[in-house]
Protein chains: 2
Amino acid sequence: MKGKIFIIEDEASIVQLIQHNLEKEGFVVSSSLNGNEGLKELKKFEPNLLLLDWMLPDLSGIDICKNIRRDINFKSLPIIMLTAKGEEEDKIKGLESGVDDYVTKPFSFNELSARIKAVLRRSDPKVVANELIFEDLKLDRIEKRVFRSDKEIQLGPTEFRLLEFFLTNPKRVYSRDQILETVWPNNVNVESRTIDVHIRRLRQSINIEGKKELIRTVRAAGYSLI
Amino acid sequence: MKGKIFIIEDEASIVQLIQHNLEKEGFVVSSSLNGNEGLKELKKFEPNLLLLDWMLPDLSGIDICKNIRRDINFKSLPIIMLTAKGEEEDKIKGLESGVDDYVTKPFSFNELSARIKAVLRRSDPKVVANELIFEDLKLDRIEKRVFRSDKEIQLGPTEFRLLEFFLTNPKRVYSRDQILETVWPNNVNVESRTIDVHIRRLRQSINIEGKKELIRTVRAAGYSLI
DNA sequence: TTAATTTGTAATATTTCTGTAACATTAAGA
DNA sequence: TCTTAATGTTACAGAAATATTACAAATTAA
């Protein structure tokens with residue numbers, strides 16, 4: 001992940017929170033606490049995406065949006081709006097004024113991160129990886145194919161999502177609960193032991209003769225991609 | 001994550017929500033529903049961080065803050081204030097009175113969690129660090145791996161937690177009771193001599209040929225990481 | 001509709017971990 | 001040196017966690 005993200009938001013603590021986490025994900029981040037300043041800095045910074053607070057002390061989010069859309073160099077800069085709860089109606093206006101998505105405060109960072117990637121995948125696929133690669137394992141999100149050492153592997157939908165999940169954070173250990181939350185659609189209730197079975201199926205599929213095991217069991221903790 | 005967090009907040013449902021989630025993240029959590037009680041319990045509990053409601057039935061958040069800042073042992077205890085929306089002006093006062101950060105209700109748990117980690121990262125990095133390092137010993141919390149002199153070491157779950165515990169405070173001697181309280185899940189009853197056995201197992205695992213012993217026995221007191 | 005694939009669960013097998021008791025050794029003071 | 005309390009060490013049975021298998025229900029493809 002090598003994209004650049006600019007943040008215009010007046011609450012310093014929110015900026016700090018987002019900036020830190022995005023940087024941890026590999027984005028290059030810069031920010032400004034007010035609109036006018038922000039516009040200038042942004043144009044110097046040339047981000048791949050802008051996170052824009054709706055309510056700013058000097059300029060409104062809409063004004064900034066319009067300004068950006070008027071600038072030939074930033075006509076198609078993806079913008080995600082940060083709105084406070086209760087500004088629902090405004091959201092529509094926001095989308096009309098050329099915003100790509102919006103997130104309502106308070107939001108979790110994971111939610112924001114997912115939105116950012118979704119927007120980037122549409123607007124600027126180069127910035128977001130469509131191919132996830134780990135060692136000799138390759139997963140193509142667009143074509144929905146998986147290869148181990150260039151040999152294609154057939155996976156069921158659930159195993160595919162499971163592997164995709166592991167590939168987004170190799171080496172990191174995930175608990176069964178975390179896996180459930182992320183890999184399974186919300187509001188389904190699945191026994192946590194069920195994951196063991198899917199892990200087994202995934203292992204069986206991606207293991208090929210002579211190559212090493214790729215999924216590690218960490219007792220009392222969960223599983224990880226090696 | 002083995003840090004200790006104390007909560008003073010009168011809304012039981014909020015306490016429950018926070019406590020449950022923080023425990024899921026590995027924090028040890030204790031709480032009180034009112035100010036005066038809370039102050040006493042807090043000082044026994046010795047948390048790494050305090051979550052403090054702004055509006056309490058008996059004492060105000062500010063009063064508690066001041067009390068804490070007056071106590072030499074808690075002068076630098078990080079405090080995050082929980083404020084209701086619309087108390088914005090108060091926030092300033094809060095920060096002046098020695099609060100490290102504040103979160104406005106309603107907040108998402110993820111937001112709170114990020115703030116907590118941000119504050120701890122500043123004030124007490126060992127509590128939230130991903131890698132704990134002491135001499136040639138390295139423990140990775142995310143990957144759940146342990147290395148001695150770059151050689152990976154396999155540990156059982158209990159030995160892992162035990163080592164993690166020692167690594168957050170090297171050189172400090174812990175009694176068997178302290179170890180039990182922190183390393184073992186609450187409400188389990190384990191013989192105190194059981195710890196000796198785990199210490200032995202841990203020693204055996206992390207000792208490698210030609211390298212020095214890392215766990216020190218302090219007769220009549222307990223154990224420490226050198 | 002039928003056939004094929006995928007899913008979740010329960011039952012069973014296997015592996016690994018834990019706590020304890022019993023015995024051995026060590027340190028420190030009388 | 002002897003005594004005693006504290007710690008070290010070992011072995012083992014039961015517990016707990018994970019692996020594996022089989023199967024029926026659900027979903028999808030043909």
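Naming convention: chains lettered A, B, ... in sequence-line order (proteins, then strands); numbering from 1 in each chain.
In this structure, A/Q204 places its CD atom 13 Å from P of D/dA19, rounding to the nearest Å. B/R203 places its CZ atom 9 Å from the C1' atom of D/dT7, with the value rounded to the nearest Å. Regarding B/I215, its CD1 atom lies at a distance of 10 Å from the P atom of D/dG8, rounded to whole Å. Whole-Å rounding puts the A/H198 NE2 to C/dT7 P distance at 6 Å. Atom CG of B/D196 is separated from atom P of C/dA21 by 13 Å (rounded to the nearest Å). The separation between B/E213 atom CD and D/dT9 atom C1' is 14 Å, rounded to whole Å. Atoms CZ (A/R193) and P (C/dT12) sit 16 Å apart, rounded to a whole Å. Protein atom CG of A/L155 is 14 Å distant from nucleotide atom C1' of C/dT5, rounded to whole Å.
Taking the ring axis of B/F45 as reference, the NZ or CZ atom of B/K4 stays within 45° of it and closer than 6.0 Å to the ring centre.
Residue B/F160 is out of contact with every strand shown, counting any heavy-atom pair closer than 4.0 Å. Using a 4.0 Å heavy-atom cutoff across all strands shown, A/T194 reaches at least one base atom of the nucleic acid. Counting non-hydrogen atoms under 4.0 angstrom, A/V218 reaches the backbone sugars and phosphates but no base.
Here the CD1-OG distance, from B/I68 to B/S76, works out to 11.5 Å after rounding to the nearest 0.5 Å. In this structure, A/F165 CZ and A/E181 CD are separated by 9.5 Å, a value rounded to the nearest 0.5 Å.
Side chains of B/R216 and B/S224: a donor on one and an acceptor on the other come within 3.5 Å.
Between D/dA17, C/dT6, C/dT18, one nucleotide has an atom nearer to the side chain of A/P157 than all others, and that is C/dT6. Of all nucleotides listed (D/dT20, D/dT7, C/dT20), C/dT20 comes nearest to the side chain of B/V190. Candidate nucleotides D/dG8, C/dT6, D/dT18 were compared by shortest atom distance to the side chain of A/R176, and D/dT18 ranks first.
Contact of A/R201 with C/dG8 (side chain to base): a donor-acceptor pair of N or O atoms is detected under 3.5 Å. A donor-acceptor contact under 3.5 Å links the side chain of B/R219 to the base of C/dT26.
Counting only distance, with no hydrogens or angles, the side chain of B/T182 and the backbone of B/Q178 share a donor-acceptor pair below 3.5 Å.
Remark: A/T217 is not in phosphate contact with D/dT18, judged by side-chain N or O atoms under 4.0 Å from OP1 or OP2.
Looking at which nucleotide of DNA chain D each of B/V197 and A/G222 is closest to, the 5′-most match is held by B/V197.
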